[in-house]
Amino acid sequence: MNQSLFEGRSLVGIVSSIIRQDASQVLLNRLEWDSMFRLADFHKVANIVYLGVLGSGEALPEKWKDRFFTRYQEALLFGEHCKESVQEVLTWLDMREISCTMLTSENIRDYYVIPETAESGTVQILLDDENYFLAKGYLIDLGYETDQIYKGVGERLKRVSGVPIILYNHLPFITAKFNKNMTKLLETAVLREPYSHIRILTPENEFIYRMASAAYRYADDMLTLREVLDIFLFHKTWREEMNDEAIWQKLEGFQIDFLAEKILRIAYMWFGDKADDYFTDQLEDLTEYDVLEDRMLTSGEINHEKDEQALKLRKLIQKELDKEKRAEEKELRREKIGKFFEGIMKRVRWCFPDYHYMVSIYPLLEKLPFLLPIFWIIRALRLVWRVILG
């Protein structure tokens with residue numbers, strides 16, 4: 001088996017055993033812990049892995065146990081300050097009448113049975129351009145620093161004792177279909193009590209946003225275990241109150257309904273109770289789920305994608321990326337040409353200085369301005385003569 005795939009499936013085994021609270025069957029002594037840590041860190045589940053390897057004896061070297069423990073400590077710290085940090089930020093925004101919409105909230109932490117297995121709880125907030133810079137300035141004043149930049153759409157800010165905040169001034173999608181359908185969802189956002197300017201998505205629409213993001217990131221080979229786990233816990237918590245028909249109809253509008261269903265189903269396969277009867281139909285052929293699992297756990301290193309919606313979405317994303325690249329190249333060419341002509345003009349201005357400069361050197365020119373070309377020649381001859389004399 002491919003080493004990356006082996007490590008990915010081992011990671012799923014460790015995480016799922018903690019989430020389901022059952023015995024792990026992972027052979028820890030066969031794992032390469034340097035790459036396992038990097039993989040767990042990428043998938044944002046290193047804090048869960050720490051719980052999964054407790055009592056493993058010599059299977060996990062102390063160096064890597066310490067690194068996993070550091071992530072576990074961070075999760076505990078964020079848990080203690082989570083709600084207070086978010087409330088502080090939202091209260092400031094509301095007091096200054098800054099309108100914004102929370103795409104995801106910190107409440108996802110409440111769905112974890114073991115609180116310290118939750119992530120550091122990134123909150124995603126969408127603002128217009130003007131309010132985006134006001135909010136960013138405020139967060140910087142609070143001690144936040146930019147941790148990651150999302151080109152053209154926003155950035156993630158974090159501080160030592162606060163929940164990471166993602167500020168968007170544009171939706172984090174570059175395809176027209178996604179932006180159009182997400183704009184419709186945003187129109188249904190409701191005020192979050194007790195605030196007057198902070199809006200949130202309904203649970204049903206937040207789930208749609210999470211599913212759309214997951215499908216988009218899967219097509220871009222960036223989907224993480226943490227996102228799939230959050231989707232599973234969110235859906236399990238709210239599924240009795242959500243309208244399935246309305247959800248899948250809206251996801252059909254994104255043209256990802258079949259892909260989203262596969263992601264949700266594999267989330268239940270990985271993290272759900274085997275006795276859970278939400279998916280009543282039994283699948284005879286799991287090949288397409290193996291393809292999804294292989295691609296996601298290796299970040300596209302193994303890619304035998306056959307899902308039409310995933311292929312189409314990837315094609316659309318690539319088309320937009322190519323368009324952006326062409327625009328950037330065009331802008332670079334324009335800048336290069338501009339600098340070229342700017343250099344030429346500097347040389348021209350040096351060879352043929354303006355009237356006022358020439359008057360400062362040759363005062364007689366002030367009385368005989370029509371002789372400016374003659375004095376240019378005189379100046380040039382003087383410069384040549386100076387060069388000859390050394």
Phe37 and Phe68 aromatic ring geometry - parallel, tilted or perpendicular at 30°/60° bounds: perpendicular

Ring geometry between Tyr50 and Phe69 (parallel below 30°, tilted from 30 to 60°, perpendicular above 60°): tilted

With no hydrogens and no angle check, is any side-chain donor or acceptor of [X] less than 3.5 Å from a backbone partner on [Y]?
X      : Y      : answer
Asn179 : Phe173 : yes
Arg226 : Lys44  : yes
Arg217 : Met222 : yes
Asn47  : Ala118 : yes
Ser360 : Tyr357 : yes
Tyr216 : Ile174 : yes
Glu155 : Thr146 : no
Arg109 : Glu119 : yes

Tell me, yes or no, whether the heavy-atom count around [X] atom [atom1], taken from other residues, nucleotides or ligands under 6.0 Å, exceeds 12.
X      : atom1 : answer
Arg382 : CZ    : no
Arg347 : CZ    : no
Gln87  : CD    : no
Glu329 : CD    : yes
Trp248 : CH2   : yes
Phe258 : CZ    : no
Gln249 : CD    : no
Glu308 : CD    : no

Passing candidate, salt bridge (Lys or Arg N to Asp or Glu O under 4.0 Å) with Glu328, options Arg333, Lys323, Lys151: Lys151

According to a 4.5 Å side-chain heavy-atom criterion applied to Ile, Leu, Val, Met, Phe, Trp and Tyr, with indirect links allowed, do [X] and [Y] form part of one hydrophobic cluster?
X      : Y      : value
Val291 : Leu259 : no
Leu371 : Met358 : yes
Leu316 : Leu223 : no

Residues in salt bridge (charged side-chain N to carboxylate O under 4.0 Å, His left out) contact with Glu206, at least two apart in sequence or another chain: Arg210

Identify the two heavy atoms, one from [X] and one from [Y], that lie closest to each other, and give their separation to 0.1 Å.
X      : Y      : result
Gly52  : Ile14  : CA-CG2, 3.9 Å
Ala135 : Leu93  : CB-CD2, 3.8 Å
Thr188 : Leu185 : OG1-O, 2.6 Å
Ala40  : Val49  : CB-CG2, 4.1 Å
Arg159 : Leu142 : NH1-O, 2.9 Å
Val89  : Tyr144 : CG2-OH, 4.3 Å

Atom [atom1] in [X], atom [atom2] in [Y]: separation rounded to 0.5 Å?
X      : Y      : atom1 : atom2 : value
Asn131 : Leu126 : CG    : CG    : 10.5 Å
Trp376 : Leu381 : CH2   : CG    : 14.5 Å
Asp41  : Thr224 : CG    : OG1   : 11.5 Å
Gln309 : Tyr218 : CD    : OH    : 12.0 Å

Sequence neighbours excluded - side-chain hydrogen bond (donor to acceptor under 3.5 Å, both in side chains) pairs with any residue from residues 291-302: Asn2-Glu301, Ser4-Glu301, Arg9-Glu293, Arg9-Asp294, Asp221-Arg295, Trp270-Glu293, Arg295-Glu305

Salt bridge (charged side-chain N to carboxylate O under 4.0 Å, His left out): pairs with one or both residues in residues 263-274, sequence neighbours excluded: Glu261-Arg265, Arg265-Asp281

Salt bridge (charged side-chain N to carboxylate O under 4.0 Å, His left out) partners of residues 181-194, not counting sequence neighbours, each pair once: Glu106-Arg192

Counterpart residues, ring-ring contact (aromatic ring centres under 6.0 Å, His included), relative to Phe375 (two or more places apart): Tyr362

If you define the side chain from C-beta out and look only at heavy atoms, does anything of [X] sit under 4.5 Å from [Y]?
X      : Y      : answer
Ile200 : Val190 : yes
Phe271 : Ile18  : no
Leu11  : Met36  : yes
Ser35  : Glu7   : yes
Val228 : Phe232 : no
Met211 : Ile247 : no
Met95  : Thr91  : yes
Trp33  : Pro61  : yes

Stepwise side chain to side chain contact (heavy atoms under 4.5 Å, CB included) test for Phe178 and Leu171: CA-CA 9 Å; Phe178 270 61; Leu171 287 166; over 6 Å; no

Modelled atom types, side-chain donor and acceptor of Asn181 and Tyr209, under 3.5 Å: no

Intermediate values then yes/no, side chain to side chain contact (heavy atoms under 4.5 Å, CB included), Met182 and Phe254: CA-CA 9 Å; Met182 269 309 304; Phe254 284 85; 4.1 Å; yes

Lys NZ or Arg CZ of Arg71 over Trp64 ring: under 6.0 Å, within 45°: no

Results of side chain to side chain contact (heavy atoms under 4.5 Å, CB included) for Lys315 - residues two or more places apart only: none

Salt bridge flag under 4.0 Å for residues Glu331 and Arg334: yes

Stepwise side chain to side chain contact (heavy atoms under 4.5 Å, CB included) check, Leu90 with Ile125: CA-CA 10 Å; Leu90 296 183; Ile125 301 177; 4.3 Å; yes

CA sep, side-chain torsions, deciding dist, call: Tyr195, Cys100, side chain to side chain contact (heavy atoms under 4.5 Å, CB included): CA-CA 11 Å; Tyr195 306 108; Cys100 63; over 6 Å; no

Matching residue for Arg314 among Asp307, Asp220, Asn303 - test: side chain to side chain donor-acceptor pair (under 3.5 Å): Asp220

